[in-house]
Amino acid sequence: MENRKMKISLILNIIIVIFTAFATILMFTGIKFMEGEDLLESTKVGMFKFFTVDSNLFMGIMSLVFALEEIKIIRLKKSEIGARIYIMKFAATSAVALTFITVFGYLAHISPGGVYSMIRNSNLFFHLLIPLFSIICFAIFERTDKIKFKYTFFGIIFTVIYSLYYLINVLVHIEEGKVSPQYDWYWFVQGGLYQIFIVFPLMLVISYVISLVIWRVNRKKV
């Protein structure tokens, strides 16, 4: 990684860590700095049911790890960042990219408050700023040839794990053939339980396509 690009990457990773910590505190405590009714928000441990929160926390952790590795290299205490860390950063970036696309390509169009309801308070960071900073950072300033094609499936691991959790949650809360929006907070099966067989495979396909795009853009030409 070029020294100039590494320094920019370090700055962006530090910003992502700060944004993640700030947004997590906001949602956990319920503190608001923007008016209006927020959607897809919860306080305390309830916030961790959202893919948005979990993927952003994953991103924040990997940005911290990456930043620490970059500091070691800048201080000449290490020569390079290992492939495993690049792969995990790739997985985290793919996860928040899915969050970004799901929010602006799906949720913003079906929510009563539209796009604005998706980017208020903590979700301004979780839905918009952190994903954008993460994608820009990884795609432009952290280019590498260490992530081989066979590792592109790591880009959907987080989605697979969360999908299993969400699916189980939906199935155990079926009442009279329906699931309350309280337990189907992304409204995936509000049109009928048959949508399980459409939505979940579709999300995995979309997630993998996103991962492939991110991998290809990040790939360093050798």
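Residues Val199 and Val189 have side chains not in contact (no heavy-atom distance under 4.5 Å, counting atoms from C-beta outward). Taking 4.5 Å as the limit, some side-chain heavy atom of Thr152 sits within range of a side-chain heavy atom of Tyr208. Looking at Trp215 and Tyr151, their side chains never come closer than 4.5 Å, going by heavy atoms from C-beta outward. Looking only at side-chain heavy atoms (C-beta outward), Ile136 and Phe133 stay at 4.5 Å or farther from each other. Looking at heavy atoms from C-beta onward, Tyr183 lies out of side-chain contact with Val172 at the 4.5 angstrom threshold. Taking 4.5 Å as the limit, some side-chain heavy atom of Lys7 sits within range of a side-chain heavy atom of Ile74. Taking the side chain as every heavy atom from C-beta outward, Phe125 and Phe22 approach each other to under 4.5 Å. Side-chain atoms of Tyr106 and Ile101, non-hydrogen and from C-beta on, never get closer than 4.5 Å to each other.
Within the model, atoms CE of Met59 and CE of Met88 stand 10.5 Å from one another, a figure rounded to the nearest 0.5 Å. For the atom pair NZ (Lys78) and CG (Leu68), the distance works out to 10.0 Å, reported to the nearest 0.5 Å. Separating the CD1 atom in Ile14 from the OG atom in Ser63 is a distance of 10.5 Å, to the nearest 0.5 Å. Atoms CD1 and CG, on Ile210 and Leu98 in that order, are 4.5 Å from each other to the nearest 0.5 Å. Separation of atoms CE (Met203) and CD1 (Ile156) is listed at 12.0 Å; rounding is to 0.5 Å. The CG atom of Leu128 sits 10.0 Å away from the CZ atom of Phe19 when rounded to the nearest 0.5 Å.
Both Ile85 and Ile140 are members of a single hydrophobic cluster when ILVMFWY side chains are connected at heavy-atom separations under 4.5 Å. Linking ILVMFWY side-chain heavy atoms closer than 4.5 Å, directly or via other members, places Met34 and Ile119 in a single hydrophobic cluster. Under the 4.5 Å side-chain heavy-atom criterion for ILVMFWY residues, a single connected hydrophobic cluster contains both Tyr162 and Met27. Hydrophobic clustering (ILVMFWY, side-chain heavy atoms < 4.5 Å, transitive): Val17 and Val53 are in distinct clusters. Follow the hydrophobic side-chain contacts under 4.5 Å out from Leu202 and you reach Val179 in the same cluster.
Under a cutoff of 6.0 Å and an axis angle of 45°, Lys146 and Tyr86 do not form a cation-pi pair.
In this pair, Phe158 and Phe58 present their aromatic rings parallel. The plane angle is below 30°, not in the 30 to 60° band.
With His109 contributing its side chain and Phe104 its backbone, the two residues share a donor-acceptor pair below 3.5 Å. With hydrogens and angles ignored, the 3.5 Å screen pairs no side-chain donor or acceptor of Asn123 with any backbone N or O of His127.
Screening Ser94, Ser55, Ser211, Ser207 against Thr159 for a side-chain hydrogen bond (donor to acceptor under 3.5 Å, both in side chains) leaves a single residue, Ser207. Of the candidates Thr102, Val170, Thr52, Ile110, Tyr186 forms a side chain to side chain contact (heavy atoms under 4.5 Å, CB included) with just one, namely Thr52.
With 3.5 Å as the limit, one finds no donor-acceptor pair spanning the side chains of Lys89 and Asn218.
Phe197 CZ: 12 or fewer foreign heavy atoms inside a 6.0 Å radius.
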